[in-house]
Amino acid sequence: MTKNRIPNSAIALLVMLVSASSARAEVPAKVTFVDHVAPIFREHCLACHDSGGKSGDLSLESYGDTMTGGASGKVVEPGAAGDSRLYQLMAHIETPIMPPGSDKLPEEQLNLVKAWIDGGLLENSGSKALKSSKPAVEAFVPSADNRPSGEPAMPGGFFREPVLRTETTGAVADIAASPWAPLVALTGQRQVLLYHAETRELLAIAPFVVGQPEVVRFSRNGDLLMVAGGRGASLGVVHLWDIKTGERITEVGDELDTILAADILADHSMVAMGGPRKRVQVHRTADGSVAYSITKHTDWVTALEFSPDGKLLVTADRSGGIHLWEAPTGRPVAALNGHKAAITSVSWRGDSKLLVTASDDGDIRTWQPRGNQAKQWRAGPGVLDVAFTKDGRVVTVGRDRVARLYNTDGKELKNLGRGDDITLAVAATHDETKAVYADWTGAVRVVNLESGEEAGRLDANPPTLAMRLDAANNALAEVVPKIEPAEQALSAATMTLSGATEVVEKHKAAKQAATEALAKLEKTRAEQQAQFDLRKKEIDELNKAIDLVVDEQHAAEGKLEELKQQLAAVGNQEGEEADAKAAAEIEGKIAEQESALEGILAKREETAAKKPKLAESRKAAKTTLDALAGQLKEHRETLKKLEQEEKKLPKIDALAAERDRLQKELDNQRNAKSAAEQQIASIAAEIEAYAAAQVKLEASFAEQQSTVEAKTGELGKLEEQYAAEKAKVDEVAAELEALRRQMADLEAKRKELATVAGAAEQAASTLAAELSELSNEKAKVEKALSDFHATAELRKQFQPGD
């Protein structure tokens, strides 16, 4: 087992180095108290902290004393130098500083002490690392919806170099979506890939070099990524990653077969796992210890999940068995009976009030928390995965290759499309807008839950950094030659637009001048027309006035004639006094009338005298209007000509649009160039960081290999010594065998001589002496055999083994 697992340990060390966000000073791969730390303590600390005169009841003289600590308790915490009082004082992080009144220890010595503590406080090269007594995983206090206290976790500190890139894409075993962030995780070949749910950009790769990942889950607050799997009939483990830092926090479990189902409790305190061994192991994340085991299942454990509120655990197996347990204790709650085929998937609704289960015969059932069935429906020939969306809908995939969306009553709401082969895994994004599902060919589709339309795909077999760098270089090489022609075309289009604009502006100016002149003439003509109309109106009014005067004259003349007739009539009447008086009155009226008539005639003459002047003014206005009409006609013809010429002018809008198109094309080319350059720089930085991590790993691995080779050399020497000792033992054994045969012969002779004991007492005495000597030789041989067995035991201690 050890020989098989050494390479995997080396690869795992690479992963830890690659994923680390900060580098530390070069130190040996295995730092021990005896080889590295004790000399530092002897040089700087034992003057105050030896076993004879312990300051603060703390002795650092031996490993045991150091581990015991002082009056204030333990001074070192395995795996956590930053939390260890001894290192804090030695590094002058806390007071009182150590050594007192002296400068801080050299950095290389502090790094050794730090590495010794972080490495598990090894006593010597044969020791096993101690586990920290502090929780390896930060605790989380669940809320009603398990919302994180800060911003949702997005990947940081991860590399994007694939652990393995294959010629063909393998099947995706599982998919998970962060409950709070646009983040999707899917299993790949010895790795888990993390993609942005909206942009579909690869954000991170979490290595799983110990085997094939079978399960991926996000913690309920979205801060942790859980990856479970392993190697069939060999190994099963669970890894927990801090999404924000990219650090692998811990490894839990040591199963003898791969893990097929796993989940992490809402408060991060426990991890449950199950698989072909038909049992569920629930481990504490603080120290990896087993909290409880469930052995109720009679077949492979194929699905399990903690409820979001952390109160219940559901487990299911290949024979259709489903059980509910108290999550903290593992006490049984209920058996969910009804499914007739293998359970393929289970999922809790976010409020922990409904559980959905699916089986390989296409049967889907929902259950209440105490085990009562709520609904049942069929979803195709075989459902292989089921999951609740955040808003309580249900998504499924299965053997019919179709992804579907249901409500909790079993009504199909939407067909989400069809895979290229059997669809294996599905998850819904945190905002309930998309579903992500994968099929047997490795194709991973992102679909819109409302429309059912495909929004894009995720690559389950992403390119390596070198491949991405080549692609970026190719993109840059492709776009660079296009920039200069695009610049030239833009320059030519700009010049054409500039010339055309100048022509158009001149034409516009001419047209504007003509329009303004025409408007001015129109205004003058209008003014003159107003004058003409005014003269015409005055003449018309004058004619009316003359007509009125004429009418008055005719009236006055008529009245005068009437008075004269009256006067003549009075002259013919009798009575002189009366006639004279009447005639006098009439004559007075006639005189008045004649005077009025003279006034009317004078007014008529005065009014008629105005007419020639008005006629002359009107004629002058008419002459001006005629002149203006000619000018207007000329200007209108000029303007019409300009408008006709305008149709032949260059199309500025079209030229401007073409210029803008060329500018946009050039901007696109420049942006593509900039993006390619930025991508090249980013990938180059990733490659540099990855290479640096590899260098550190290679150095560490070389040191480990050197240690192994040294031990192998020692083992070779022991084997040679063993061979030599064995040869000696074989010789002694041969001698012993000869002596045994000799003893047997002598014993036979003794028996022969026993019948003549009286006559052969002297001979018997001699034979007894010989027998005693042989017994001494036998003791020597048995001692040699004992030494041989001791040597064999020593050899076993140096042989490879678990």
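Here the structure is a predicted model, which is why all the values come from computation and not from measurement. In what follows, residues are counted from 1 in the order of the sequence shown.
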[X]: which residues meet the side-chain contact (heavy atoms from CB on, under 4.5 Å) condition with it, sequence neighbours left out?
X	answer
A602	none
A177	A427
T168	none
E454	R445, V447, R457

Answer yes or no: is there an ion pair linking [X] with [Y], defined by an N-O contact shorter than 4.0 Å?
X	Y	value
D242	K244	no
R661	E658	yes
D431	K390	no
E161	R468	no

Exercise for review: Answer yes or no: are there more than 12 heavy-atom neighbours, outside E151 itself, under 6.0 Å from its atom CD?
Suggested key: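 No, CD of E151 has 12 or fewer neighbouring heavy atoms, counting only those of other groups under 6.0 Å.
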Under the salt bridge (charged side-chain N to carboxylate O under 4.0 Å, His left out) test, which residues partner [X], sequence neighbours left out?
X	value
E478	K482
K640	none
E585	none
R404	D400, E412

Between [X] and [Y], is any pair of side-chain heavy atoms under 4.5 Å apart?
X	Y	answer
H554	V550	yes
K511	K508	no
L649	V503	yes
T169	T441	no

Keeping [X] on the side-chain end and [Y] on the backbone end, is there a donor-acceptor pair under 3.5 Å?
X	Y	result
S219	L224	yes
R401	D420	yes
D385	G398	no

Review point. Quick check, are the ring centers of F218 and W180 under 6.0 angstrom apart?
Key: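 No, they do not, as the ring centres are separated by 6.0 Å or more.
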Practice item. Go through the structure and list residues passing side chain to side chain donor-acceptor pair (under 3.5 Å) with R636, not counting sequence neighbours. Key: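 Applying side chain to side chain donor-acceptor pair (under 3.5 Å) to R636 gives E522.
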Check your understanding: Do any pairs count as a ring-ring contact (aromatic ring centres under 6.0 Å, His included) and have a residue in residues 501-524, sequence neighbours left out, and if so which ones?
Key ->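 Sorted pair list comes back empty.
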Practice item. Answer yes if the side chains of Q669 and E665 hold a donor-acceptor pair under 3.5 Å, and no otherwise. Key: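 Q669 vs E665: no donor-acceptor pair found between side chains.
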Point to revise | Flag for N407-D409: side-chain donor and acceptor within less than 3.5 Å | key: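 There is no such pair (donor and acceptor under 3.5 Å, judged by atom type) between the side chains of D409 and N407.
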**Study point:** Test salt bridge (charged side-chain N to carboxylate O under 4.0 Å, His left out) applied to E450 and K434, R393, K414, the passing residue
**Key:**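 For E450, the salt bridge (charged side-chain N to carboxylate O under 4.0 Å, His left out) check succeeds only for R393.
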Exercise for review: Could you tell me how the ring of Y690 sits relative to the ring of F159: parallel (under 30°), tilted (30 to 60°) or perpendicular (over 60°)?
Suggested key: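 Answer is perpendicular, since the angle exceeds 60°.
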Distance-only check: which donor-acceptor pairs under 3.5 Å involve side-chain atoms of residues 494-502, not counting sequence neighbours?
unit_1, atom_1, unit_2, atom_2, d
T494, OG1, L490, O, 2.7
T496, OG1, A492, O, 2.9
T501, OG1, L497, O, 2.4

Hey, can you pull the donor-acceptor pairs under 3.5 Å for the side chains in residues 627-634, sequence neighbours left out?
none

